[in-house]
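What you see below is based on every heavy atom in this structure, not just the backbone, and it leaves out hydrogens, waters and symmetry mates.
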Amino acid sequence: MNELNDRSDQAKSDLRRRQVLDAATECFRREGFHGSSIARISRAAGMSAGHIYHYFANKEAIVEAIADREQDNMADLVQKLAQDTEGGDLVARLTRHTAEKVEQNSDPAVVGLMLELAAESARNPTIAQILQRSDRVIGDQFVDLIHRIGSLSNLPTEELRLRMTMIAALMQGLAMRSIVEPERDQDATVRLLNKVITALLEDE
């Protein structure tokens, strides 16, 4: 019985944390990091500021949790690539998900949060460290996947990281371009991006 109660309490706690993170994400996107006080986040989340502090010590802790959630999203992508039943090398697996990532990085909500956190990281070393740590973990996951698949096994790890960094830069750049090119041809974008991915990740 205690075990059931513990699981129920954990589920409620997880739900509350997600509620705070969803509210904070929307506040950061709409009002910016500095414009989003704990009081504003608490109103958006529909709970007291004290309740938020029960889960997060400050705004930086909320940002860290948002970065961790993005890391989890990327981990899900790595898992999808690893378990891809169609198989193939890294290029074949990754390009099957390009359209999904292009669509995601064209979503105004995603882009708004990305740009706000990037801007804040340029001013706030704590936020910069959070994002840098998350990026390193995601990079480690992709390198591990590459080794498991067996693609590009002849390249040093740092070269693999650099190539994945170039692909990430393209994806993030497309997010920025979606602000000034909201009517961009998505199909053509996916086609050209897949050509670049292929050039960067084909076995040599």
Do any N or O atoms from the side chain of [X] and from the backbone of [Y] form a donor-acceptor pair under 3.5 angstrom?
X	Y	value
Ser36	Cys27	yes
Arg29	Val110	no
Asn105	Leu174	no
Ser13	Gln10	no

Looking at every heavy atom in both [X] and [Y], which two are closest together, and how far apart are they?
X	Y	answer
Ser42	Ala49	CB-N, 3.7 Å
Ser121	Ala128	O-CB, 3.4 Å
Asn58	Ala61	OD1-N, 2.8 Å

*Could you state the interatomic distance from OG1 (Thr98) to CG (Leu192), rounded to the nearest 0.5 Å?*
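Rounded to the nearest 0.5 Å, the OG1-CG separation comes out at 11.5 Å.
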
*First locate atom NE2 of His97, then atom CG of Asn194, and finally report the distance between them rounded to the nearest 0.5 Å.*
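Output value for this atom pair is 11.5 Å.
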
*Pairing residues for Asp144 by the side-chain contact (heavy atoms from CB on, under 4.5 Å) criterion, not counting sequence neighbours*: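 Expected list: Arg148.
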
*Which salt bridge (charged side-chain N to carboxylate O under 4.0 Å, His left out) pairs, counting each pair once, include a residue from residues 33-61, with sequence neighbours left out?*
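Residue pairs passing salt bridge (charged side-chain N to carboxylate O under 4.0 Å, His left out), neighbours aside: Glu31-Arg40.
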
Using the test salt bridge (Lys or Arg N to Asp or Glu O under 4.0 Å), find all partners of [X] that sit at least two apart in sequence or belong to another chain.
X	result
Arg96	Asp84, Glu86
Arg177	Glu181
Arg16	none

Does a side-chain heavy-atom distance below 4.5 Å link [X] with [Y]?
X	Y	value
Ser178	Arg184	yes
Met114	Met176	no
Met164	Leu201	yes

_Hydrophobic cluster of Phe56, others only, ordered by chain and residue number, side-chain cut-off 4.5 Å_ =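 Val20, Leu21, Phe28, Phe33, Ile38, Ile41, Met47, Ile52, Tyr53, Tyr55, Ile62, Val63, Ile66, Leu113, Leu117, Ile127, Ile130, Leu131, listed by chain and number.
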
*Do Arg191 and Asp185 sit within salt-bridge range, that is, some charged N less than 4.0 Å from a carboxylate O?*
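No salt bridge links Arg191 with Asp185.
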
_Around atom CE of Met171, are there more than 12 heavy atoms from other residues, nucleotides or ligands closer than 6.0 Å?_
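Yes, CE of Met171 has more than 12 neighbouring heavy atoms, counting only those of other groups under 6.0 Å.
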
*In this structure, are over 12 heavy atoms from other groups packed under 6.0 Å from Gln104 atom CD?*
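It does: Gln104 CD has more than 12 such atoms within range.
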
*Is it the case that one hydrophobic cluster holds both Val111 and Leu170, taking links as side-chain heavy atoms less than 4.5 Å apart, direct or via other members?*
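They do not share one cluster, since no chain of ILVMFWY contacts under 4.5 Å joins Val111 to Leu170.
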
*Are Met166 and Leu77 connected in a single hydrophobic cluster, I mean Ile/Leu/Val/Met/Phe/Trp/Tyr linked by side-chain heavy atoms less than 4.5 Å apart?*
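Yes: a chain of side-chain contacts under 4.5 Å links Leu77 to Met166.
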
